Structures are given as C-alpha cells and as structure tokens.
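Have a look at the structure below before the remarks.
Naming: A, B, ... by sequence-line order, numbering from 1 per chain. Please read all numbers here as calculations on a predicted model, not as lab measurements.
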Amino acid sequence: MKNKITKQSEDFSRWYNDLVLQAELADYSPVKGCMVIRPNGYAIWEKMQAELDRMFKETGHQNAYFPLFIPESFMKKEAEHVKGFAPQCAIVTIGGDKVLEERLYIRPTSETIIYAMYSKWINSYRDLPLLLNQWANVVRWEMRTRLFLRTTEFLWQEGHTAHATHDEAEEETLKILNIYTEFLEKFMAVPVLRGLKTEKEKFAGALRTYCVEAMMRDKKALQAGTSHNLGQNFAKAFDVKFQSREGNMEYVWQTSWGVSTRLIGSLIMVHGDDKGMKIPPRLASTQVVVIPIYRDDSEKQAVLEAAGKLIEKLKTRVSVKLDDRDHYSPGWKFNEWELKGIPLRIEIGPKDVKNQSVIFVRRDTGEKTPVRFDGLEDHAFTTLEDIQDNMYKTALKFRDDNTFEVDDYNEFKEKNKRDGGFFSMYVCDSNKCEIKLQEETKATIRVIPLNPPGGKNGSHKGKCILCNGSSKQRVIVAKAY
RNA sequence: CGGAGCGUGGCGCAGCCCGGUUAGCGCACUAGACUGGGGGUCUAGGGGUCGGAGGUUCAAAUCCUCUCGCUCCGACCA
C-alpha cells in the first residue's frame, strides 16, 4: 500500500514518471515511443478541447478534418518544410500487399495537404479569410520520448488560416497567441511568457513563429503553444491564389497554430507536488470528492444519507463525486484523490452530521476548514474559484522568483548551472552567438518577449552578453524541454 | 546512433559471482472477521515454464553466444 512517488527534490524526472503512471494519466504502450492516455488523463484533454474549441469558434473558426496520409510529393513542395520534417517522418510504402507508387507520409503536421485543398477552394478575395481548425493525431519519429511531453504519436489541434493581406495574417497569428495565453492562464492556471521565436527556433517554413513559454517546477522552460505567421511561403509552393478586389491574382497570406497533449505535461510540472497532481478546478472533470466516514452500519446509513442530500445541493454548482467504496479506509482515499489531483475534498462523518457541518480540504494548500451544511454549495464554488486563483498566483510567484536579469556572461553561466531558471539578457541577432550560447550552457533563447520592459530611458537596446554587439532587447534564456 | 542500467506472478524487487530440493519476498488481488476522522490488522487463498532463441552440462533464472524490448544520460524535436 506504499505506492509513494519519488520526491520532486530527489529526482524530478522520476517524480514526473511516477506521477503520470500512478495517477493513471497514461501508460507506456506496446509500441515504442507511443503512449496510452488513460481515462484520468483523457478527461483533462477533453476539458482542454472543450474550452479551446469554444474559444476558436467564438473567433470565427470552424472545424474540419483532413487525411492522415500525405503524398510524398506534397511534403517536398516547400523547401524549408521538408528539411525540417523529413528526418522525423513515418512513411507508408505498402498498401494492401502492393508497394505504393507514391509513398505516403503519416502527417507530422498538415500544412501541405491542407493547403493543397485550399488552392482548390480559394478563388476570390470573397473566399477569405478561410479559418479552419482540426483536432487530430500526428506522428513524429522521435528519438527520445517522454509521456505527454514528447511521444511519437500525439494529439493536438492545428489551425490553418488564409488571408488577403500580410497584416491580417499577422493579426490572426497574434489573436491565436492571445487565445492560448488566456487558456493557459485562466484555465490551466499556468502563467506564460508570450513572444517571438528566434530564426533558429522557428517553425520550418514560417516567416515568424510566436510562442507561449511556461516555467516548470524544475525551472526549465516548456513551449506550451505556437502560432506561426507563414507569410506566402506555402501559398507559393501550393499555388494558393485569389483574385483581389482590384482583379489581380495574388498569393494568400497564411497562418498555422497548435497546442497538443503536451499541455497535460505542463499542467503536471507546473502545479504538481510530492503528493501528486493538482488539477486546476476549471479543468477538473471532478472538482469535489466527498468521502464518507463511519464505523458501523447505523453510522454508515446516517452519514450516507446526509452525504446524499449534500451532493444534490453541490451538484447545482460544482461537479462532485461520492467515494463510497467500502473496502478502502478514509486515509487511503485521501491519498488516492490527492495523487489524482482533485481540487477539493469534503469529509463527512458522524460528528459532522451531528454538527450539521463538513470538513473542506483544499488540494492546493492542504488547508482544512469546517463548513456548515447551509450554503455548502456556494461555499464549495467560491473555494474552487479561490483554488484556481491561488494556483495561478503560486505558479506566477515561482516563475518571478526564478527569473533573473543578467548582464554578465560568467555570472549567467554559473547561476544557470547552479540554480537554473529564466534569464533575461541581451543577445544579438547573430546565429553564431545563439549557437555558442547553447553549446556552452545547454540553455537556449526561449522567447523574444512581446512588450519587453523598457531599459534605461525607455530604451530597449543593450549590448549582447556574448559578443558585445548591439541587441534590440532582452530575451529569455533557459534550459528547455 | 553513442554512454549507463534493467528484463524473474499485476507492480516493485531478491536469488545469478560460486549451476543442484518445491524459485522467494513486499505490495496489489480473492474470501472472511475485526476495523474506519491521513495509505488498518489478522487468518486463509489464487497467480510465475525467470524477455526470446540457441548452446554448454547429468542438471541452467544462474555459465556462453545471439536477439528483442524498456528506462536514464547525450545528439533531434511540440
């Protein structure tokens, strides 16, 4: 009965694996590098999908579905794109029992096949903007995998839009970045840094890649979502043209953007502790678990009856589950639900029934509070709101406490090695400095933040920490997943 | 692909060097009783041809060869 998970402080990586397996979020599959998402994990993904889907639709996007297989010739049309993805693709060469005339790539992402269709569907400026999204699985042949964070097959959504002008495409790219930010912060209680990827880190085939980056409890960065302004690169490769109002044939301006089941990994690593997972209330399919406590049959009857009535009231405001399994002790259940991250636990025993009150136990703080039967459902609701809020604040404070402004390379190297964290520093645009940085410190430029804090005299400019060359603004450097 | 480690009931391991009764332990599981406000106790059970193939031997979980898989650390990536 001692399925203790490894302590975070002992070995973060083992802690993560233990948690994922023991909280029954996912399991290793018989296929190398792939995972099985178990009901506990999938429930979180469904919640994420529901919220994001709503946000996409509210901003005018529609869902569609494109094939899993992509003709090899499509993959090869956009030069940068092929270069970026060819090394990590799975390819079907046989169909039925015949060798295929043209090999079929299993989509690592769907730009190519979607834009082949766009070129067919888009004729006039009246057809724009075209705003589609698909929920799908994709396959990338990874060398090293980790549950949720990097698996050979994963689930995601990919949005693909086409616009008449560069500015509209840019606006769309940023609009999505805002949606991701809002989703991460409001629902996942994960604070993010928004900004631009460097040339080196951007998506293969994009003009610009924007991203949201979050800090995990081990102070490493995780890219939680990306939004690409594709410019006209794919439009040219796939001949996606439209006739403008003025009658000219022009290439469309495109965007693509996505978040994946990796978000579940970030949820775990941002909030989890030595007891297990912490699901933010807004993503919890079960927000409250009620644990009845009794000794004999007469107590059991009285407690369950009272619990039943309370649950009816609770159901009007929160999602609640009664754990009336008889073969586990209350203590066992406490640990079990804490491991699984249920935000709020309500204990009800004979004493409570007598007092017309119950005990609330918060997963975020562990705090125990007696609460009267009267108005219980409202109290549960506001407690959940408070948990949601507190989880965000705690994560934000952790990130802020571990973000450092540095102007001396040696100081950075030492601190990065010793403590880790996010480092705000000046780095110039040259690829050379970026590569040197990575080679010498294992840290990379995670993001060039939007709206950087102003330097002295409101200027953002500074000297590159490596070569002393000029740098337009501070960037965030960190070790990353 | 390079380095390290590991494959023994569902899970975690011991046994292996130094071959030899019936392959053992903890947890989980089943039945029952007592229990129940932070992972309860006792009793009685079920379950393994030791990753796979080949070899050495009177005899292999144990020695040898090959092979497959997994985890961790690096190079690639959401």
Apply ring pair (Phe, Tyr, Trp, His ring centres under 6.0 Å) to Phe56(A) and Trp257(A), showing your working.
-> CA-CA 11 Å; Phe56(A) 296 150; Trp257(A) 28 275; 5.1 Å; yes
RNA chain B: 5'-proximal contact among Arg146(A) and Ala480(A) (nearest heavy atom) | Arg146(A)
Return the orientation label for the Trp15(A) and Phe12(A) ring planes: parallel under 30°, perpendicular over 60°, tilted otherwise.
-> tilted
Looking only at heavy atoms, which two atoms of Thr209(A) and Phe203(A) are closest? And how far apart?
-> OG1-N, 2.9 Å
Base, sugar-phosphate alone, or nothing: which one does Pro87(A) contact when heavy atoms must sit under 4.0 Å apart?
-> nothing
Which value, in whole Å, describes the distance between the C1' atoms of nucleotides U41(B) and U49(B)?
-> 36 Å
Taking distance alone, no hydrogens or angles, what donor-acceptor pairs closer than 3.5 Å link side-chain atoms of residues 338-349 of chain A to residues at least two apart or in another chain?
residue, atom, partner, partner atom, Å
Glu338(A), OE2, Arg345(A), NH1, 2.9
Lys340(A), NZ, Glu336(A), OE2, 3.1
Arg345(A), NE, Glu347(A), OE2, 3.1
Arg345(A), NH2, Glu347(A), OE2, 2.9

Give a yes or no on whether a salt bridge exists between Arg362(A) and Asp364(A), defined as a side-chain N under 4.0 angstrom from a carboxylate O.
-> yes
Round to the nearest Å and state the distance from Tyr28(A) atom OH to G51(B) atom C1'.
-> 18 Å
Pick base, sugar-phosphate or nothing for Glu338(A), based on heavy-atom distances below 4.0 Å to the nucleic acid.
-> base
Considering all heavy atoms, the nearest Met188(A)-Ser266(A) contact = CE-OG, 3.4 Å
The ring pair (Phe, Tyr, Trp, His ring centres under 6.0 Å) partners of Tyr115(A) (sequence neighbours excluded) come to Tyr118(A), His160(A), Phe234(A)
Considering only atom C1', compute the distance from G12(B) to G3(B) and round it to an integer number of Å.
-> 26 Å
For C27(B) versus U22(B), give the span between their P atoms, rounded off to a whole number of Å.
-> 27 Å
How many Å lie between OH on Tyr16(A) and C1' on U71(B), as a whole number?
-> 15 Å
Base, sugar-phosphate, or nothing for Lys368(A), non-hydrogen atoms under 4.0 angstrom?
-> base
Assign Glu142(A) to base, sugar-phosphate, or nothing according to its heavy-atom contacts below 4.0 angstrom with the strands shown.
-> base
Rounded to whole angstrom, note down the C1' distance from G51(B) over to C6(B).
-> 11 Å
Which value, in whole Å, describes the distance between the P atoms of nucleotides A59(B) and G54(B)?
-> 15 Å
Report yes or no: is the cationic atom of Arg208(A) (NZ for Lys, CZ for Arg) closer than 6.0 Å to the six-membered ring centre of Trp253(A), at no more than 45° off its axis?
-> no
Comparing Thr261(A) and Lys442(A) on RNA chain B - which has the more 5′ nearest nucleotide = Lys442(A)
Nearest-Å distance, CZ (Phe334(A)) to P (G39(B))?
-> 9 Å
Rounded distance (Å) that lies between atom C1' of U41(B) and atom CH2 of Trp332(A) | 18 Å
In whole angstrom, give me the gap between the P atoms of C68(B) and G52(B).
-> 15 Å
Euclidean distance for P, A75(B) against G19(B) (whole angstrom) | 44 Å
Provide, to the nearest angstrom, the distance between the CZ atom belonging to Arg345(A) and the C1' atom belonging to G39(B).
-> 12 Å
Give Leu222(A) one of three labels, base, sugar-phosphate or nothing, depending on what nucleic acid heavy atoms sit under 4.0 Å from its own.
-> nothing
Looking at Tyr481(A), does the NZ or CZ of Lys220(A) lie under 6.0 angstrom from its six-membered ring centre and within 45 degrees of the ring axis?
-> yes
Is Lys415(A) positioned over the aromatic face of Phe412(A), cation under 6.0 angstrom from the ring centre and no more than 45 degrees off axis?
-> no
Rounding to a whole Å, what distance do you find between Asn17(A):CG and G5(B):P?
-> 20 Å
With a 4.0 Å cut-off on heavy atoms, is Ser29(A) in touch with a base, just the backbone sugar-phosphate, or nothing at all?
-> nothing
Do any of residues 206-221 of chain A sit with a heavy atom less than 4.0 Å from RNA chain B, and if so which?
-> none
Using the C1' atom on both, measure C18(B) against C63(B) and round to a whole Å.
-> 11 Å
Using ring pair (Phe, Tyr, Trp, His ring centres under 6.0 Å) as the criterion, list what pairs up with Tyr28(A), not counting sequence neighbours.
-> none
Over all heavy atoms of both residues, which pair between Val259(A) and Gly225(A) is shortest? Give the atoms and the distance, please.
-> CG1-CA, 3.8 Å
Euclidean distance, atom CD1 of residue Ile346(A) to atom P of G37(B) [Å, nearest integer] = 19 Å
Atom CG of Asp11(A) and atom P of C72(B): how far apart are they, to the nearest Å?
-> 10 Å
Do Glu78(A) and Asn233(A) come within less than 4.5 Å of each other through their side chains, counting heavy atoms only?
-> yes
Between the protein and nucleotides 30-36 of chain B, which nitrogen or oxygen pairs are less than 3.5 angstrom apart?
residue, atom, partner, partner atom, Å
G36(B), O2', Tyr294(A), O, 3.2
G36(B), N9, Tyr294(A), O, 3.4
G36(B), N7, Arg295(A), O, 2.8
G36(B), O6, Arg295(A), O, 3.3
G36(B), N2, Asp326(A), O, 2.8
G36(B), N2, Asp326(A), OD1, 3.4

Dot-bracket for RNA chain B: what is it, with Watson-Crick or G-U pairs under 3.5 Å, [ ] where a pair crosses earlier ones, and | for a pair to another strand?
-> ((((((((.[[[[.)....(...]]]].((((((.....)))))).....[[[[[..)....]]]]])))))))....
Salt bridge or not for Glu439(A) and Lys436(A), using N-O below 4.0 Å?
-> no
Base, sugar-phosphate alone, or nothing: which one does Ile291(A) contact when heavy atoms must sit under 4.0 Å apart?
-> nothing
